[in-house]
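For reference, the structure is listed below as structure tokens.
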Amino acid sequence: MDKFYHIVTYGCQMNVHESEKIAGILSGMGYKSCDDPEKADIVVFNTCCIRENAENHAFGNIGMLKKLKRVRKDMIIAVGGCLPQQMNKAENLHEKFPYVDIIFGTHNLHNLKELIEKKLNSKKTVIEIEDSEGEICEEDRPLRTSYPNAWVNIMYGCNNFCSYCIVPYVRGRERSRQSAKIIEEVKGLVREGYKEITLLGQNVNSYKGDLTFPQLLEEVAKTEGKFRIRFMTSHPKDFSPELIDVMAKYPKICNCLHLPVQSGSDSILKAMNRRYTSGQYLEKVALLKSRIPDCAITTDLIVGFPGETDEDFNVTMDLVKKVNFASAFTFVYSKRQGTKAAEMPDQIPEEVSKSRIMQLVDLVNSQTRALSQTYIGKTVEILCEDYDDKRKLYLGRDEYGRMGYFPSEQNVIGQFVNIKVEHANGVSLTGNIVV
Ligand code: SAH
Ligand code: SF4
Ligand code: F3S
């Protein structure tokens, strides 16, 4: 009889890609994918703990399986990823959800097969949280689910310890893959027909293999074939002129950069341990714009960091106005146990943060909308990624990351198509194919 798995993923691209690795392990064990947890023999939650609401989301969904587990006792529920990797969280999870069968950390993903086998031979909950990151495992064969896009890890972990951030604690120290392995993976993906490769790392600019990151990017860009290259995330302190040179030299590298600024206030940036000033950030943006004038810059912003005054917030608004980001992810600061910022005085009341985030979201949305308007009448090249059943339209993104919808008689998923833009609604464009 067929056995089925269902994976629920929270968090960043890193986790999305790790779920593909989990899928690879499960399919290697003979499980098949299914969309419905009720039919699954194993449900894996690949969790995130970057903000409290990410955790609550996962808790809610794990809680919902309690009833199902009562009727289907032989079903396996596994919880992995960043949430259980936090200090004492695995025990916590076990107490809260005793019916969860397997709890594993970020460094144990490669052993999932053994953990499942262990569980199948035992009644007890299997809890395995490795503290140290260990060697990079090159054995996993991800079962990719996002054709024509493919994610490729270039490094794992983070050494930056931004004072608000849990990632260094749950992902360990930086480890870089060998460039030869990365280039071999990219070449294989291009041969298989993938059209967009995103190089992944918490801070790709601190890649330390046998090459620097700009050198690695250049080698990847030399791969033959028509495909796009993206990379994320870049930390502004390490974003260099050498990287801009490589971006400018190779048309395959999208003119698009995610450069999280977090705040426009120098005292807040200092308290965040970001190690750049708003002036230095603006200088880097100016240099990038002078070399690649059409480069779309996107960012992450946090409001309500401890000690943030109205004045601090206003300078963040000013910076956003100056840079005119193509889009931005905006977050309310969330206190993470174990981080430096959690101990800081002057935690900001919720109503203050809420009012700030609303103002910031309005500003960002108005910039994104204005930029979308400039697309009307223009022709853009879209890499078709999917079909929207509800809207009966195909969709994909241009090199700047803007989403475009269009009708097509043929299935064009995985193809580059030129679209003449007719409408622009906020963040997305609609148009028709032109030849
Ligand atoms: N490594 C990447 C992304 C890290 S997480 C980077 O350095 O940019 C993605 C974003 O989540 C961060 O850029 C930050 O804006 C936000 N974030 C991280 N910790 C947070 C916290 N405790 N509260 C609110 N937002 C947070
Ligand atoms: Fe977190 Fe900073 Fe590392 Fe990004 S660079 S993952 S924000 S500690
Ligand atoms: Fe979340 Fe872990 Fe990514 S905490 S944002 S899934 S690295």
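Atoms within each ligand, like the ligands themselves, are counted from 1 in listed order.
Nearest to atom 3 (Fe) of ligand 3 among the protein's heavy atoms is C12 SG, 2.3 Å.
Contact annotation for R51 and ligand 1: only side-chain heavy atoms (C-beta onward) come within less than 4.0 Å of the ligand. Heavy atoms of C158 found under 4.0 angstrom from ligand 2 belong exclusively to the side chain. The parts of I50 lying near ligand 1 are both backbone and side chain, judged by heavy-atom distances below 4.0 Å. Contacts between Q262 and ligand 1 below 4.0 angstrom, taking non-hydrogen atoms only, involve the side chain exclusively. Of the heavy atoms in P168, only side-chain atoms (C-beta onward) come closer than 4.0 Å to ligand 2. With a 4.0 Å cut-off on non-hydrogen atoms, Y164 touches ligand 1 through its backbone as well as its side chain. Counting heavy atoms closer than 4.0 Å to ligand 2, residue N203 contributes nothing at all.
For the ligand labelled ligand 1, residue R336 lies inside the 4.0 Å heavy-atom shell. Ligand 3 lies within reach of Q202, whose nearest heavy atom is under 4.0 Å from it. Heavy atoms of R274 come nearer than 4.0 angstrom to ligand 2 in at least one pair. Within the 4.0 Å heavy-atom cutoff, N203 does not count among the residues contacting ligand 1. The closest approach between any non-hydrogen atom of M14 and ligand 3 is not below 4.0 Å.
Within ligand 2, the atoms closer than 4.0 Å to a non-hydrogen atom of H235 are 5 (S), numbered from 1 in the order shown.
Residues T198 and V152 form no side-chain contact, since every pair of their non-hydrogen atoms from C-beta on lies 4.5 Å or further apart.
Proximity of the aromatic rings of Y147 and Y194 is defined here by a centroid distance below 6.0 angstrom, and this criterion is met.
Contact check on D245 versus R291 returns a salt bridge, with a Lys/Arg side-chain nitrogen under 4.0 Å from an Asp/Glu carboxylate oxygen. Here R144 pairs with E185 in a salt bridge; the nearest charged N to carboxylate O distance falls below 4.0 Å.
Within the coordination shell of atom 1 (Fe) of ligand 3, defined by N, O or S atoms under 2.8 Å, C48 is present.
Both the sub-6.0 Å distance and the 45° axial angle are satisfied by K3 relative to the ring of Y31. A cation-pi arrangement, defined by a distance under 6.0 Å to the six-membered ring centre and an angle within 45 degrees of its axis, is absent between R402 and Y375. Under a cutoff of 6.0 Å and an axis angle of 45°, R336 and Y164 do not form a cation-pi pair.
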